[in-house]
Every structure is written in structure tokens, then in C-alpha cells.
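Submitted below is the structure of interest, expressed as C-alpha cells.
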Number of protein chains: 2
Amino acid sequence: MSTSPKPLLQRQTVTAMVAEYIAAKIIGGDYPGGHQIRQEAIAAELGVSRIPVREALLQLEAEGLVVIRTHRGAVVSDLSADDAIDLFDARLLLEPFLVKKAIARMSNQDIANAERALQDYEAAIARGDPKELSRLNWAFHTALLDPSMRPRSMAVLQTLYSSADRYLRLQIEPLKAQTKALQEHRDIFEAYRLRDAVETSRLLKKHVADAAEEIVSQLKRGEAAG
Amino acid sequence: MSTSPKPLLQRQTVTAMVAEYIAAKIIGGDYPGGHQIRQEAIAAELGVSRIPVREALLQLEAEGLVVIRTHRGAVVSDLSADDAIDLFDARLLLEPFLVKKAIARMSNQDIANAERALQDYEAAIARGDPKELSRLNWAFHTALLDPSMRPRSMAVLQTLYSSADRYLRLQIEPLKAQTKALQEHRDIFEAYRLRDAVETSRLLKKHVADAAEEIVSQLKRGEAAG
DNA sequence: GAATGAAATATTGGATACGATAGCCCAATA
DNA sequence: TATTGGGCTATCGTATCCAATATTTCATTC
């Protein structure tokens with residue numbers, strides 16, 4: 001039982017495409033924190049009018065990727081160490097809770113979905129594309145939580161995650177960290193498969209906390225240096 | 001130390017005003033769940049063009065008040081009992097956590113702010129305006145949590161709250177419930193003032209849980225009837 | 001020389017008009 | 001009956017203006 005049964009051929013509005021374009025730039029690091037996004041520049045770049053650009057920026061603001069100030073435009077939001085702590089603390093509350101709910105309701109199909117997500121993640125490590133790795137990492141997490149049937153909480157988690165997404169590379173880049181994360185994913189999945197809610201929750205919490213600690217310490221180093 | 005030092009003279013864009021207008025209609029019950037919002041109608045009603053209406057609807061979608069489907073327009077989102085459980089469970093995780101953080105950092109000024117919010121709430125009960133009461137209820141909650149300096153979590157809570165805001169009337173309308181809520185607020189504030197983090201957190205959790213239970217059971221009655 | 005204040009410029013916010021596109025209903029057809 | 005194929009309607013998108021505001025530049029004043 002899954003929350004998001006996506007249609008195979010999804011019709012995209014221009015606004016949605018622009019939003020994806022800008023989000024990719026931000027997450028990929030092309031637009032660093034503090035970067036001014038000029039509506040006209042994006043519009044010209046993509047050959048669209050300013051209106052869908054504005055509407056895309058509104059959506060991105062809701063996701064926490066940019067900050068819009070009236071008549072001053074959109075700026076790529078910067079993540080301080082404090083922000084990272086804030087975001088990860090919220091995840092640390094929600095994810096372990098949701099995974100327990102998920103285990104209580106999940107079907108064998110859900111387990112199979114999670115296993116597939118885990119395998120996709122494993123395969124991506126071999127290829128080593130960091131963007132893809134980030135995406136599949138989150139896909140695994142959502143696969144675990146999806147059977148909880150908590151669309152509102154999942155939406156919240158989505159924004160929490162995407163706000164910090166860019167900075168995951170700080171943590172996920174080194175090969176050593178990747179193999180550590182993979183082993184943790186495997187352990188989490190194993191407890192999940194056995195429907196051991198307490199253990200899954202504990203491992204997931206530790207997994208997220210470790211990632212948080214790593215990112216926060218990196219950000220603090222950056223702030224001390226810069 | 002407060003998270004949101006709002007400017008006294010705030011310039012409003014048309015989009016923001018439209019968003020407030022529609023949100024008020026939804027929260028006030030003028031637009032019930034499932035109600036189709038027609039951009040052109042709103043635009044004509046307010047004497048503005050459709051563009052700020054569309055952008056306002058985008059913002060409201062991010063807050064969970066409406067659902068937009070491409071080329072089919074915006075519909076006031078309906079809250080199922082499951083949705084309410086989802087929303088309140090998330091609040092139940094975040095609010096007790098944040099209030100502990102708040103107590104750890106708060107100044108005497110913050111305590112004074114919370115006390116003022118409490119007094120405003122008390123005064124509103126005498127007047128008995130339900131909309132105002134809902135607003136001041138939430139103002140009290142945010143006053144408690146604001147010193148935590150967790151803007152991201154606070155933003156999440158804001159959306160969680162506003163999504164369920166309309167249905168608070170189910171719970172807050174009867175006078176008996178109001179005096180109960182008031183007493184709970186007083187108890188929470190008293191523990192807060194004494195910087196008793198554990199007790200404040202416990203009382204706050206119970207306060208939210210009680211409200212949740214009341215609303216969920218009312219919604220379930222409604223779903224069974226309808 | 002520093003602070004104030006007033007143009008000038010750039011950018012966003014908004015209005016209007018028009019066209020394109022996607023759902024939806026329903027009659028016509030096989 | 002099931003399907004097809006119009007119309008109808010409302011949203012989505014563009015183009016072109018104009019308005020409002022933030023920032024910068026520059027002159028003025030003390």
C-alpha cells in the first residue's frame with residue numbers, strides 16, 4: 001500500500017518544469033547559498049515568460065530552497081549550522097515515529113518496494129553519481145515510511161529533506177561514508193523486513209543522527225573558516 | 001530573544017492580501033471542504049487580476065489549505081479523521097520538543113511575551129469571537145515556542161496548524177471547552193514561568209492530545225453520518 | 001569628510017488582452 | 001452499449017504595458 005502511485009506519463013506545466021530546473025541548479029550547487037535569482041534571466045534562459053518563473057519561485061520558497069523578499073527578489077537560502085540542527089532534529093522526531101507506524105501497516109509488497117529501493121541505492125554507489133545517490137538515498141527512506149499512510153507528515157519530511165539536500169554531499173561524498181551509509185541501510189532494512197519496529201526505529205534514528213552530526217560539524221568548520 | 005521581529009509597518013503585496021482573504025474564508029468556514037475556488041471569481045470580487053489570485057493559491061497549497069490540480073483549479077482541501085491524526089501526531093512530536101528547547105534559552109522578556117499572549121487569550125474568551133480565539137490560541141502556543149530559535153520547525157508547525165485550523169471550532173466552540181483550554185494554558189504557562197521543562201512539555205503534550213482527540217472524534221462522527 | 005536627501009536605474013509586482021491547452025459533458029455514431 | 005468526437009469551460013501561458021519599490025549614484029549640506 002503506497003501513498004504516491006505516480007502516472008507514467010506526467011504532463012508537466014511550464015511552472016513545474018521551471019521549478020525543477022531551478023531546484024536542480026540549487027541542489028547541484030550551481031546556485032550557491034546567497035545567490036540572487038533574477039526572474040528575467042531565468043525566463044530568457046529557458047525561453048519562457050516571467051510569470052511561470054515567479055510561480056516556480058513561490059513553490060521553491062515553500063520548500064525552503066529560496067527566500068523571497070518583496071520587491072527584492074529571490075535569493076538561494078543559505079543553511080547555517082543552526083538551521084541544519086533545526087531541520088535534522090525535526091527529522092529525528094518524525095522519521096522514527098513514522099517507521100513504526102509503517103511497520104504496523106505494511107504489506108509484503110511494501111517490503112519488496114523498500115528492498116528494491118535499497119538495491120537501487122547499492123547499484124548507484126558503484127556508478128558513483130552523487131546527485132543520483134542523494135535521490136536514491138531519499139527514495140529508500142521514503143520507501144520505508146510510505147506504508148505509514150501519513151501524507152501530511154511525509155510532505156513535511158519532504159521539505160525538511162530538500163532544504164538540506166544540497167549539503168548532503170558534504171557527508172555523502174567520501175567513499176568511506178558511502179559504504180557506512182550502505183551498511184546502515186542494510187541493517188535498517190533487515191530489521192524492517194523482520195517487522196521489528198523498535199529496532200528499525202532505533203537504527204533509523206542513529207542513521208539520521210550520524211548524518212546530521214557529520215553535516216553540522218562540516219558546516220561549523222565552514223562557518224569558522226569563512 | 002524572539003524568532004520573528006516583525007516590522008511595524010509592513011508593506012503588503014496584492015498576492016499576500018488575496019492569500020489572507022481566501023485563507024480567512026476557508027478558516028471561517030465560508031468555503032467548506034471541497035469547494036471549488038474560481039480564480040476569475042475571486043479576481044472580480046476583489047478587483048484584481050488573476051495573477052495574484054493564482055499566486056495566492058499556490059501559497060495556500062503549500063500551507064495545505066487548498067489542493068491544485070493542473071487545469072482543474074483549486075479545491076478547498078478536506079480534512080479526514082486520518083488527516084487530523086496525521087497532523088496532530090506531528091504536532092505532538094514537535095511542540096513538546098520545541099518547548100524544552102525554548103525554556104533552555106528563554107529570557108525574562110520571552111516569559112513576559114508568553115504571559116501577554118495568555119492574557120490576550122483570556123480577554124478574547126470574554127468577547128467570544130471564535131476566529132479571534134483561534135488566532136490567539138495559536139499566538140500563545142507560538143509565544144511559548146518562539147524562544148527555541150528554531151525557525152524551520154516553527155514554519156512546519158505553522159503549516160500543520162493552519163491545515164487543521166478550521167476544525168478547531170469543532171473543539172473550541174463550547175464554552176466548557178474554552179474554560180478547560182484556558183485552565184490548561186494557565187497551567188502550562190505556570191510551569192513555563194518556573195522553567196520546568198519536563199512539566200511544561202508534559203502539560204503541553206496533553207493539551208494538544210486532548211484537543212486532537214476531541215477533533216478526531218468529531219470528524220469521525222461526521223464521516224459516519226455523512 | 002560624513003551624513004543627509006534627492007534623482008536615476010534596475011527589478012519585481014500587477015493589469016490587461018489574447019491564445020493554447022486540458023478536462024468534462026454529451027450527443028452522434030457504429 | 002461502448003466509443004468517438006465535438007463544444008464548453010476554466011486554467012495555463014505569453015506578450016506588453018505600467019506601477020511600486022529597492023538600490024545606487026550623486027549632489028548638497030553641515
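All chains are named by letter (A, B, ...) in the order of the sequence lines, taking the proteins before the strands, and each is independently numbered beginning at 1.
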Donor/acceptor link under 3.5 angstrom from A:Arg50 side chain onto base of C:dG13: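 Indeed there is one.
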Of all the choices, C:dG14, C:dG13, D:dT11, which nucleotide is nearest to the side chain of B:Gln39 once you look at every atom?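 Closest of the options to the side chain of B:Gln39: D:dT11.
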Spacing between B:His71 atom NE2 and C:dA22 atom C1', to the nearest angstrom: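 To the nearest whole Å, that distance equals 5 Å.
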Euclidean distance, atom CZ of residue A:Arg54 to atom P of D:dG13 [Å, nearest integer]: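 Distance check: A:Arg54 CZ to D:dG13 P gives 14 Å.
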Which nucleotide in D:dT11, D:dT14, C:dG14 has an atom nearest any side-chain atom of A:Val48: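 Among D:dT11, D:dT14, C:dG14, the one nearest the side chain of A:Val48 is D:dT14.
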When you get a sec, tell me which of C:dG13, C:dA15, C:dG14 is the closest nucleotide to the side chain of B:Ile51?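 Closest nucleotide to the B:Ile51 side chain: C:dA15.
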Heavy-atom neighbours of B:Glu213 CD exceed 12 at 6.0 Å: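 Not more than 12 within 6.0 Å, no.
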Between C:dG23, D:dA22, C:dA15, spot the one nearest the side chain of B:Arg72, thanks.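 When the side chain of B:Arg72 is considered, C:dG23 is the closest of C:dG23, D:dA22, C:dA15.
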Would you call the rings of A:Trp138 and A:Tyr161 parallel, tilted or perpendicular if under 30° counts as parallel and over 60° as perpendicular?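 Geometry flag for A:Tyr161 against A:Trp138: parallel rings.
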Value rounded to 0.5 Å, distance of CG in A:Leu92 from CG in A:Leu204: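 Between A:Leu92 CG and A:Leu204 CG, I get 8.5 Å after rounding to 0.5 Å.
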Atom CG of B:Leu46 and atom C1' of C:dG14: how far apart are they, to the nearest Å?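 Distance, rounded to whole Å: 14 Å.
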B:Arg69 vs A:Arg69, nearer the 5' end of DNA chain D by closest nucleotide: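 Result of the comparison: B:Arg69.
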Between A:Thr13 and D:dG13, is there a contact of a side-chain N or O with OP1 or OP2 at under 4.0 Å?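 Yes, within the criterion.
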Over how many whole Å does the gap from B:Gln12 atom CD to D:dT21 atom P extend?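 Atom-to-atom, B:Gln12 to D:dT21, this comes out as 12 Å.
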Expressed in angstrom and rounded to an integer, what is the separation of A:Ile68 atom CD1 from C:dT12 atom C1'?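 Nearest whole value for this atom pair: 11 Å.
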Roughly, in whole Å, what's the span from NE2 in B:His35 to C1' in D:dA10?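 That distance rounds to 15 Å.
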Once you round it to whole Å, what is the distance between C1' of D:dT9 and CD1 of B:Ile37?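 Distance, rounded to whole Å: 18 Å.
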Side-chain N,O (B:Thr15) to OP1/OP2 (C:dG14) below 4.0 Å: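 Yes, such a contact exists.
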Would you kindly give the CD1-to-P distance between A:Ile42 and D:dG13, to the nearest whole Å?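 Checked: the CD1 to P distance equals 17 Å.
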Taking only the side-chain heavy atoms of A:Arg38 (C-beta and beyond), determine which of C:dT11, D:dC12, D:dA15 contains the nearest atom.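 Within the option list, the nearest is C:dT11.
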Is a side-chain N or O of B:Ser77 found less than 3.5 angstrom from the main chain of B:Gly64, in a donor-acceptor match?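 Checking the backbone N and O of B:Gly64 against the side chain of B:Ser77, a donor-acceptor pair under 3.5 Å is found.
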How are the rings of B:Tyr192 and B:Phe189 set to each other: parallel, tilted or perpendicular (split at 30° and 60°)?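 Rings of B:Tyr192 and B:Phe189: tilted, 30 to 60°.
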